[in-house]
Amino acid sequence: MSIEIVNARLLDPATGTDAIGGVFIDQGVIKDFRTGTGVSFKDAKETIDAGGLCLAPGLIDLRAKTGEPGEEHKETLATASRAALSGGITSLVVMPDTRPVIDDVALVQFIAERGRETAFARVYPAGGLTVGLAGEAMSEIGLMAEAGAVLFTNGDWPVASAQVMKRAMTYAASRGAIVMSRPDERTLTVGGVMNAGEFAARHGLSGIPIEAEWLGAARDVVLAEQTGCTLILDQVTTQRTLDIVDVARGRGAKVFTTVAAHSLFFNELDVGDYLTYCKVNPPFRAELARKTLIHALQEGAIDAVVSAHDPQPPEEKRLPFGEASFGAAGLETVLPCLLTLVEEGELSLLEALAAVTIGPASILGLPQGRIAKGAPADLILFDAGKPWLCDRDHLLSRSKNSPFDGRRLQGRVMRTFVGGKTVFER
Amino acid sequence: MAAAHADYIFRHDHLLGIEGLHPLDITHILDLADTYAEATRAGRRPEPILTGKTVVNLFFENSTRTLSSFEIAARRLGADVVSMPVGNSSVKKGETLIDTAMTLNAMKPDALVIRHSASGGAKLLSRKVDCPVINAGDGTHEHPTQALLDLLTIRRTKGRIEGLKVVICGDIAHSRVARSTTMALHLMGARVHLCGPRTLIPPGTDTWGAESAGTDFDSALPGADVVMMLRLQLERMNGSLLPSQREYFRYFGLTADRLALAKDESIVMHPGPMNRGVEIESSIADGERSVITQQVEMGVAVREAVLHLLAGGRA
């Protein structure tokens with residue numbers, strides 16, 4: 001079945017394209033695309049008139065948690081996929097910190113299969129870097145990679161021992177595997193619930209200091225340099241961490257950085273009167289830190305923006321701030337969050353899209369995330385300026401813990417294609 | 001005395017903290033508390049304005065003095081008092097603060113007094129119930145009635161609050177009393193200087209209204225009208241926040257020599273319970289400049305005033 005999508009604003013950050021045009025899709029793949037008005041493709045059996053909407057590659061999310069297996073009441077791969085597609089995410093990497101932990105071949109295969117059977121989005125398993133994420137013994141990195149694990153991570157609990165981390169990275173490098181790590185020196189952050197500083201002190205909340213991120217980043221980039229392992233520093237929140245990465249890159253380390261979309265939008269003051277939906281780790285930092293992250297994104301110093309989707313049911317959030325779980329539902333708000341920043345003039349449209357398409361695609365070596373001949377036809381049609389009110393009750397995620405609840409956002413996905421098939425339409 | 005503010009209306013639904021109060025609110029509470037303190041001293045029963053009303057004390061943290069103080073205050077005003085010293089362990093069996101709040105709310109109390117180990121606990125409760133909530137201490141956040149009783153004690157002994165120099169010494173970081181009392185004193189025009197080990201001084205104390213926050217107790221004391229010592233939680237010794245009790249006492253303990261640095265007529269305060277020999281020498285605690293027992297007395301008067309204003313029915 002061949003389709004043409006015409007009269008669209010083609011946006012492809014990989015080539016810097018931003019022009020009216022159309023694409024031609026056949027057998028799930030982009031066969032052709034042209035810019036210009038009145039473009040059409042003679043072999044197309046079906047025509048979709050985009051009516052001037054933006055047409056861009058579907059988003060690739062390097063960090064989403066679901067509750068499958070083990071905590072399906074929070075989220076399943078199917079519900080996460082539905083939420084993702086409505087937010088324009090067509091590929092997502094799911095974290096290994098489930099019950100049980102995804103730390104062996106059978107579980108990687110299970111996730112991959114469940115993804116194919118129950119989800120319309122492309123689901124990529126991340127493998128646990130250590131057995132049970134206990135930070136003691138490295139897992140079967142090579143075998144899990146063969147089974148489809150696209151990266152290896154210890155999730156929210158970075159490996160505490162530098163020795164174990166070094167060995168795991170040394171081994172991963174030899175298998176060509178990518179390691180993703182949260183820069184976090186845990187001995188400084190245990191017990192912390194929000195960004196350390198005046199606001200936390202005044203509200204009587206224990207702080208998560210930024211130097212914990214710097215120390216964690218320093219260790220991991222040095223190990224990346226020494227071992228030759230490709231490292232993704234997961235959810236950076238400060239410029240100084242990016243500076244640490246810069247130095248290591250200058251020395252030849254293969255290090256990539258990601259930022260959670262919500263960290264580009266909120267600052268620590270949004271915690272307000274103990275709002276637990278704003279309890280995330282890494283925490284929302286000071287406004288200045290948020291501004292410098294946006295600047296870094298413009299400069300291309302951040303390789304990918306992630307949803308950091310972490311579904312939590314009400315019983316985990318309807319608690320005093322200190323006792324509530326960390327985590328924010330994020331799949332449905334990554335693109336609207338970025339588009340709102342674009343509308344507010346903080347980012348250009350192509351800068352915003354690069355970090356969720358070609359950026360993550362390049363890290364993982366995926367063929368999608370671009371409008372190119374032969375690339376999978378994972379595409380989204382969106383209305384860049386459409387205003388809407390984020391109401392948690394209307395979110396498709398099984399858990400509704402969004403810090404964007406009640407916020408006015410701009411920009412909405414109208415239609416999502418995976419492999420040329422329409423998998424979501426608003 | 002209350003007649004001076006005849007047109008004044010206390011507009012708050014709850015007392016969750018000093019933050020958010022206006023100096024007029026504080027003056028009004030203190031004036032009313034003064035009349036209650038006088039009545040008690042004169043052996044008069046106050047008007048039973050809470051007759052037929054139910055006050056529930058919900059204490060998730062152990063406390064003897066604050067709980068009894070609230071109980072006595074509510075009883076003096078004629079209220080039926082139910083105290084639930086739930087401690088921290090018994091509620092851990094799955095029931096959350098919100099569940100407890102909803103359950104109690106269904107019993108239609110006229111006021112809820114809550115102490116909880118989590119900062120923001122009182123605020124959370126106030127969102128879920130229909131009656132006034134009084135914060136009797138939430139985590140390391142606020143303890144507003146303690147601040148008010150401190151102010152009343154100071155005002156009664158010094159005749160004023162404005163312009164006084166107050167030095168607060170101890171574990172500022174983990175003290176809800178330090179936060180509330182600093183903010184309240186600042187609102188009423190006192191100059192507050194905080195003092196303690198560097199590991200126990202949080203950032204941003206200027207936003208609470210403190211003029212300084214330092215580690216040299218001796219240099220903070222000259223000119224002080226009030227010296228307030230905070231309780232040192234002995235478990236702080238385990239987290240490498242402090243070297244030892246003996247070193248703490250050496251630099252931050254209130255001794256007679258040290259007190260001599262403050263004004264001759266200065267007063268000594270402590271929110272209790274005291275660790276004698278850790279933060280304060282016994283002779284000072286029991287000495288003539290100590291107003292520590294008066295603080296306890298004023299505690300009841302302040303709580304009567306607060307219950308009066310929040311649960312006394314707004315005509």
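Bear in mind the structure is a predicted one, so any value in this text is a computation, not a measurement. Letters A, B, ... are given to chains in the order of the sequence lines, protein chains preceding strands, and every chain is numbered from 1.
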| task | Taking all heavy atoms of A/Asp273 and all of B/Arg127, pick out the closest pair and write down the distance. | result | O-NH2, 2.8 Å

| note | Correct closest heavy-atom pair for B/Ser117 and A/Glu323 would be OG-OE2, 4.4 Å

| said: Using every non-hydrogen atom in the two residues, find where A/Leu205 and B/Ser119 come nearest and quote the distance to one decimal. | reply: CD2-CB, 3.8 Å

| Shortest non-hydrogen contact between A/Gly204 and B/Thr140, atoms and distance | O-OG1, 2.6 Å

| message | Looking at B/His186, I want to see if its NE2 is surrounded by more than 12 non-hydrogen atoms of other residues, nucleotides or ligands under 6.0 Å. | response | no

| task | Specify whether A/Tyr274 and B/His141 have parallel, tilted or perpendicular ring planes, treating 30° as the upper limit for parallel and 60° as the lower limit for perpendicular. | result | perpendicular

| note | Interatomic distance, NE2@A/His203 vs NZ@B/Lys123, rounded to 0.5 Å, equals 9.5 Å

| Neighbour count above 12 (heavy atom, 6.0 Å) for A/Trp157 CH2 | no

| field | Toward chain A, the part of B/Glu142 with a non-hydrogen atom under 4.5 Å | value | neither

| remark: Rounded to the nearest 0.5 angstrom, the CG-CZ distance for B/Asp99 and A/Arg318 is 7.0 Å

| note | Note: B/Gly204 and A/Glu198 closest approach over all heavy atoms is CA-CG, 3.2 Å

| field | Heavy-atom pair count under 4.5 Å with chain A, highest-scoring of B/Gly120, B/Ala118, B/Pro202, B/Gly121 | value | B/Gly120

| request: Spell out, as yes or no, whether a donor-acceptor pair under 3.5 Å connects the side chain of A/Arg202 to the backbone of B/Thr207. | output: yes

| remark: One should read off an interatomic distance between A/Leu319 CG and B/Leu97 CG, to the nearest 0.5 angstrom, of 8.5 Å

